[in-house]
Amino acid sequence: MPELPEVETVVRGLRRCLVGERFGAMLFASQRIGRSNPAGWRSRLGGRQIGEISRRGKYIIVCLSDNNVMIVHLRMTGRLWIKPSSYVRGRHDRFMVSLSDDRRLVLSDARQFARVEWRLQSELENHPGLKKLGPDALAITPAQLLDACKRSHRPIKSMLLDQTRVAGLGNIYTDESLFAAKIHPTTFAGSLGPKRVERLRSAITSILHQAIDACGTTFDTFSDLNGHAGGFGPCLRVYHRTGQPCLVCGSSIRRIVIAGRGTHFCPLCQRA
DNA sequence: ACTATCCCCTGACGGC
DNA sequence: TGCCGTCAGGGGATAG
């Protein structure tokens with residue numbers, strides 16, 4: 001499940017591989033990959049030069065010539081790859097476009113949740129997902145996070161997963177951040193004081209930076225553009241460690257469900 | 001303006 | 001061995 005560090009890893013790879021290149025022909029695109037795309041979007045790729053590539057939350061934004069923009073969201077199991085021209089379409093490949101040097105940009109996704117969208121630059125601010133994003137988890141200020149908490153009437157875990165409050169966190173890094181900040185995931189967000197919120201913000205940025213340095217976490221399917229797994233998995237301290245001893249106090253890590261998401265925590269280090 | 005719930009989708013896994 | 005039910009989970013739609 002690509003979250004901020006995994007998306008950042010992909011974006012950095014795309015920058016190295018794609019900036020200055022041009023798209024060639026679109027080789028295929030499944031129907032549901034871009035359901036909301038404008039008619040004729042397939043013809044809008046060819047010959048476009050690739051410019052700035054950036055990330056907003058978990059969205060990947062690829063700027064192209066003539067004010068066109070490609071927006072990619074990997075959701076749960078989506079993966080982007082750069083492949084040589086000899087590459088043969090795989091079972092789960094949903095989207096493939098050739099590059100001017102004949103390599104291919106491929107989006108593969110077993111569950112078909114990932115999206116590739118096509119917009120004009122001027123339409124970005126009206127994008128239904130992008131326009132609602134809260135401050136990026138890496139850039140959020142203490143005041144912004146405190147404000148988000150104060151206005152929330154939910155468990156902190158649920159609030160952190162809400163991309164309109166904080167953009168970029170998913171299930172893995174919320175659990176890890178709450179553990180590092182010693183905050184129980186069911187804690188009512190609005191009840192957290194400035195000191196605990198700052199401890200949380202500090203934990204979030206620290207963990208995200210470490211995960212980016214490790215090129216993300218490969219729990220299930222994530223890989224970078226070249227198919228390499230992320231290296232942060234061994235650094236996870238609670239996520240998917242149900243029943244294993246807490247690395248700080250030895251208590252058994254517990255799993256509960258909050259907002260429909262599996263939630264892992266140490267009952268002693270993170271007292272309610 | 002919030003928050004909660006359902007839904008999409010399919011590989012993995014457990015039970016029998 | 002194999003069939004079948006259940007689960008996972010990001011985010012959009014919809015309901016409350």
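These values consider heavy atoms only, across backbone and side chains, with no hydrogens, waters or symmetry-generated copies. None of these values were measured; they are calculated from a predicted model.
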Provide, to the nearest angstrom, the distance between the CZ atom belonging to A/F113 and the P atom belonging to C/dC7. 16 Å

Option among A/L208, A/I183, A/I172, A/I207 that satisfies the side chain to side chain contact (heavy atoms under 4.5 Å, CB included) test with A/S177: A/I207

Calculate the interatomic distance between A/F188 atom CZ and B/dA4 atom P; express it in whole Å. 10 Å

Pairwise side-chain contact, A/R55 with A/T9, heavy-atom cut-off 4.5 Å (strictly under): no

In whole angstrom, what separates A/E117's CD from C/dG12's C1'? 11 Å

Would you find a donor on one side and an acceptor on the other, under 3.5 Å apart, between the side chain of A/E3 and the backbone of A/K58? no

Could you tell me the separation between the CG atom of A/D162 and the P atom of C/dG12, rounded to a whole number of Å? 11 Å

Taking only side-chain N and O atoms of A/T77, does any of them lie within less than 4.0 angstrom of OP1 or OP2 on C/dG9? no

With sugar-phosphate meaning primed atoms plus P, OP1 and OP2, does A/R165 contact a base, only sugar-phosphate, or nothing at under 4.0 Å between heavy atoms? sugar-phosphate

Residue-phosphate contact under 4.0 Å: A/H73 side-chain N/O, C/dG11 OP1/OP2: yes

Residue closer to the 5' end of DNA chain B, A/H92 versus A/R75 (nearest nucleotide): A/R75

Residue pair A/Y59 / A/H127, side-chain heavy-atom distance below 4.5 Å: yes

Checking contacts here: which listed nucleotide (B/dC2, C/dG11, C/dG9) is nearest the side-chain heavy atoms of A/R111? C/dG9

Nearest listed nucleotide, side chain of A/N171, among C/dG10, C/dG11, C/dA8: C/dG10

Round to the nearest Å and state the distance from A/R56 atom CZ to C/dG11 atom P. 15 Å

Options B/dG11, B/dT3, C/dG11, nucleotide nearest the side-chain atoms of A/R261: C/dG11

Do the side-chain N or O atoms of A/Q112 get closer than 4.0 angstrom to the phosphate oxygens (OP1, OP2) of B/dT10? yes

Have a look at A/G260 and say if it touches a base, only the backbone sugar-phosphate, or nothing, with a 4.0 Å heavy-atom cut-off. nothing

Nearest whole angstrom, please: distance from the P of C/dG9 to the NE2 of A/H264. 7 Å

When the distance from CZ of A/R115 to P of B/dC8 is rounded to whole Å, what number comes out? 12 Å

Donor-acceptor pair, distance only, cut-off 3.5 Å: does the side chain of A/R75 make one with the backbone of A/H73? no

In A/R196, A/R201, A/K195, the residue satisfying salt bridge (Lys or Arg N to Asp or Glu O under 4.0 Å) with A/E198 is A/R201

Quickly work out the A/R255 CZ to C/dG9 P distance and round it to whole Å. 6 Å

If you check every side-chain atom of A/Y239, which of B/dC2, B/dG11, C/dG9 has the closest atom? C/dG9

Short side-chain N/O contact to B/dG11 OP1/OP2 from A/R91, under 4.0 Å: yes

Nearest to side-chain heavy atoms of A/K58, which nucleotide of C/dG10, C/dG9, B/dT3: C/dG10

Base, sugar-phosphate alone, or nothing: which one does A/E3 contact when heavy atoms must sit under 4.0 Å apart? nothing

